[in-house]
Amino acid sequence: MSNAAIYFHPDGYETARADLKGRHVAGESFLVGFFRHSGLDGFACHADGPEQARLFADLAARHAPRREVALYPTGEPSRLARVGCLFVPGPGIDQFAWRRRSRDQRGYSLCGITHTTSESPHALGALATAPVQPWDAVICTSWAARASVEAVLEPYAEYLRNRLGAAEVPMPHLPVIPLGVDTDAFRFDAADCMAERAALGIGEEDVAVLFMGRLSFHAKAHPIAMYLALEEAARRTGKRFHLIQAGWFGNDAIGAAFIQGAKRYCPSVNAIFLDGRKPEVRTRVWAAADLFTSLVDNIQETFGITPVEAMAAGLPCVITDWNGYRETVRDGVDGFRIPTTLPPPGSGPDFADRYAAGLDSYDYYIGRVSQVTAVDVAAAADAYARLAADPALRQRMGEAGRARAVAVFDWKAIIPQYLDVWRQLSEIRRHAAERAPRRADRDGNPLRPDPLRMFESYPTRHLSPSARLVRAGGLARAGMADALAALHADPLNSTARGGTVSPATDLLLALEALDPPGRLVAEILALVPEERRLLLLRSLVHLLKYGFVQETGPLGV
């Protein structure tokens, strides 16, 4: 199989939000690319309910008309075996692996994807201890992202071997597939460029530099290096520079810091701030720029989609030689990569300790690391100056970047790689040995045990298959349906709804069969299909609780 059910929740894919982040943009872009370029006859949605499934279906209909969409509810994970794989828009496949273990571990594969790996490195450790199977994977969006995952998992695996004597610490596959873009969405003609520049007051001979993304000095890209380098480039070239910062501030204080910082560090550069959360800004502002820049110095970045978008728009890039950025922009070909410097490994254990202890927030943690990350300002100034002074160089690099984006990073090229991973996982699932198979008398997740097993010592006895039950005296057949409806309509019994007990049809079937002298529990359970018997078993105690049935023999042990 090369299809996967998409775990769909708006938080993973929705960009119409005030707290917009790169993972939202990437998620929405992936889903649209998947619909358009997978070539599948139908799509599978793993969602909490009909409303979310409807959103998924509407999106599918918009981008892949006349394709079938099937809902696989999150409350029924076993049904995913019909598809063969579940795709999760994050790395946390561990929780899904635990749910699967309670059913059939070979039923389907799990496939996640990394976004930022800095926020919860401890959560990555769950991939080593959860029942992840050889047919599961977490896609890494860059080799840098994969290295950061391995930097957590490998030492943790060593710890588990030393602490527990584990002979093996299985891990999911970590294939590397970059994020993609719809390159056609970034095509602009001369009229588009003129209109966008005129709207921003940018002259024909002026140089417009674009930064797109969150405007956060502690969680994205500290702007001082960019400001200083642009000021120096403007001084050298005598050109009129405009810096378009299309993004969004976390709060007014951060906004004021950026605005005042631009005035302080690059006073001769015209600083333009636009709200990048607006679709019309996020999609059109590329046409106004001569070059793109992103001097990211933050560990929260793992891939960085904006340089790829810039290349798709035909803009040369000045970006930092940092994480996934170095895997997209070719230095000297599509733009320039600016050197970065970190202290040596082992220099920041106190950063991690303060974050783990709750003394520092996540923002402060990554902000501290940013403060000890250096960007080569002189090299950035050289790059800005060269591109500003040489329109032919800008055109040559922009064309090279555009060709690379189309060939390598368009969803047309990326989606087949996802399908290939899912196909490989399906093949592995047919042949590989199962890790940590579950015993029939044990719970799938021992840390989330069946409460009826965890607290089995609490009651006087348990209902056994050999117990004999009879319908309570005075409960007429004709009134059973109304009595059950009244019971479950009572607010005191609201927790009996939603799968706690069997549907009314099965309850009535059981009650109708309990004419004197009654029946054994095993005989009652045999009245319904096997997959509904466990639910009916506990429902019999529910009926006992409210006096609908009575014991006529030993109730249990």
Side-chain angles (χ1 to χ4, degrees), residues 29 33 37 141-144 176-190 192-194 196-197 206-213 221 226 229-230 233 237 239 241 243-244 246 283-296 301 303-340 375-376 379-417:
S29 183
H37 303 300
T141 55
S142 65
W143 288 100
V176 176
I177 303 177
L179 296 176
V181 299
D182 175 10
T183 56
D184 288 341
F186 295 86
R187 288 186 180 274
F188 305 101
D189 58 24
D192 293 326
C193 298
M194 290 177 61
E196 292 300 315
R197 290 172 75 91
D206 296 351
V207 178
V209 180
L210 172 65
F211 172 88
M212 170 68 76
M226 176 178 64
L230 285 171
T237 62
K239 294 276 189 178
F241 273 75
L243 173 59
I244 306 168
T283 57
R284 297 282 301 176
V285 73
W286 303 96
D290 294 297
L291 62 98
F292 171 81
T293 191
S294 182
L295 302 185
V296 163
E301 189 70 81
F303 176 76
I305 195 66
T306 51
V308 176
E309 294 175 330
M311 289 194 295
L315 298 178
C317 298
V318 178
I319 52 99
T320 36
D321 188 49
W322 183 258
N323 62 41
Y325 275 28
R326 67 166 60 97
E327 299 168 34
T328 54
V329 176
R330 298 168 295 183
D331 188 41
V333 179
D334 313 306
F336 297 103
R337 295 206 307 262
I338 307 307
T340 56
V375 175
D376 190 332
D382 289 343
Y384 293 144
R386 283 187 62 184
L387 289 168
D390 193 343
L393 178 62
R394 296 201 299 268
Q395 182 175 357
R396 185 165 64 252
M397 285 186 162
E399 289 175 351
R402 170 74 187 173
R404 176 167 169 77
V406 170
V408 178
F409 298 110
D410 193 283
W411 284 118
K412 293 177 185 177
I414 299 297
I415 292 300
Q417 298 178 54

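Along the sequence shown, residues carry numbers from 1.
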Legend entry - L179 and F409: CA distance, side-chain angles, deciding distance, side-chain contact (heavy atoms from CB on, under 4.5 Å) verdict: CA-CA 7 Å; L179 296 176; F409 298 110; over 6 Å; no
Legend entry - side-chain contact (heavy atoms from CB on, under 4.5 Å) assessment of L315 paired with L291: CA-CA 5 Å; L315 298 178; L291 62 98; 5.6 Å; no
Inset, instruction - Taking all non-hydrogen atoms of both residues into account, name the closest pair between W411 and D182 and its distance. - result: CD1-N, 3.8 Å
Inset, instruction - Could you check if a side-chain atom of I338 sits within less than 4.5 angstrom of a side-chain atom of I319, using non-hydrogen atoms only? - result: no
Legend entry - Non-hydrogen side-chain atoms of C317 and M311 separated by less than 4.5 Å: yes
Legend entry - Verdict with reasoning, D376 to T340, per side-chain contact (heavy atoms from CB on, under 4.5 Å): CA-CA 6 Å; D376 190 332; T340 56; over 6 Å; no
Legend entry - Value rounded to 0.5 Å, distance of OG in S294 from CE in M226: 8.5 Å
Inset, instruction - Using a 4.5 Å cut-off on heavy atoms from C-beta on, say whether the side chain of T328 contacts that of F303. - result: yes
Inset, instruction - If the plane angle is over 60° it's perpendicular, under 30° parallel, otherwise tilted; pick one for F292 and F211. - result: parallel
Inset, instruction - Show your working on side-chain contact (heavy atoms from CB on, under 4.5 Å) between M397 and D334 and close with a plain yes or no. - result: CA-CA 5 Å; M397 285 186 162; D334 313 306; 5.7 Å; no
Inset, instruction - Taking all non-hydrogen atoms of both residues into account, name the closest pair between L210 and A246 and its distance. - result: CD1-CB, 4.2 Å
Inset, instruction - Start with the C-alpha gap between R197 and D290, add the side-chain angles, then the distance that decides, and say whether salt bridge (Lys or Arg N to Asp or Glu O under 4.0 Å) holds. - result: CA-CA 10 Å; R197 290 172 75 91; D290 294 297; 3.0 Å; yes
Inset, instruction - Starting at OH of Y325, measure out to CD of E301 and round the result to the nearest 0.5 Å. - result: 4.5 Å
Inset, instruction - For A144 and G324, work out which heavy atoms get closest and say how close. - result: CB-N, 3.8 Å
Inset, instruction - Taking all heavy atoms of R394 and all of L387, pick out the closest pair and write down the distance. - result: NH1-O, 2.6 Å
Inset, instruction - Output the distance between atom CG (D321) and atom CZ (R326), rounded to the nearest 0.5 Å. - result: 4.5 Å
Legend entry - Donor-acceptor side-chain pairing of D410 and T183 below 3.5 angstrom: yes
Legend entry - Gap separating the NZ atom of K239 from the CG atom of L230, nearest 0.5 angstrom: 14.5 Å
Legend entry - Shortest non-hydrogen contact between P307 and V329, atoms and distance: CB-CG2, 4.0 Å
Inset, instruction - Verify the neighbour count for atom CZ of R386: are there more than 12 heavy atoms of other residues, nucleotides or ligands below 6.0 Å? - result: no
Legend entry - Sidechain N-carboxylate O distance under 4.0 Å for D331, R337: no
Inset, instruction - Grab the two heavy atoms, one from V181 and one from S29, that are nearest each other, plus how far apart they are. - result: CA-OG, 4.2 Å
Inset, instruction - Before accepting this row, confirm whether a basic side-chain N of the pair R284/D192 lies closer than 4.0 Å to the acidic partner's carboxylate O. - result: yes
Inset, instruction - State, without any angle test, whether Y384 and T293 hold a side-chain donor-acceptor pair at a distance under 3.5 Å. - result: yes
Inset, instruction - Ignoring hydrogens and angles, tell me if any N or O in the side chain of T320 forms a donor-acceptor pair with the backbone of W322 under 3.5 Å. - result: no
Legend entry - Qualifying residue, where the test is side chain to side chain donor-acceptor pair (under 3.5 Å) with E399 and the options are R402, R396, Q395: Q395
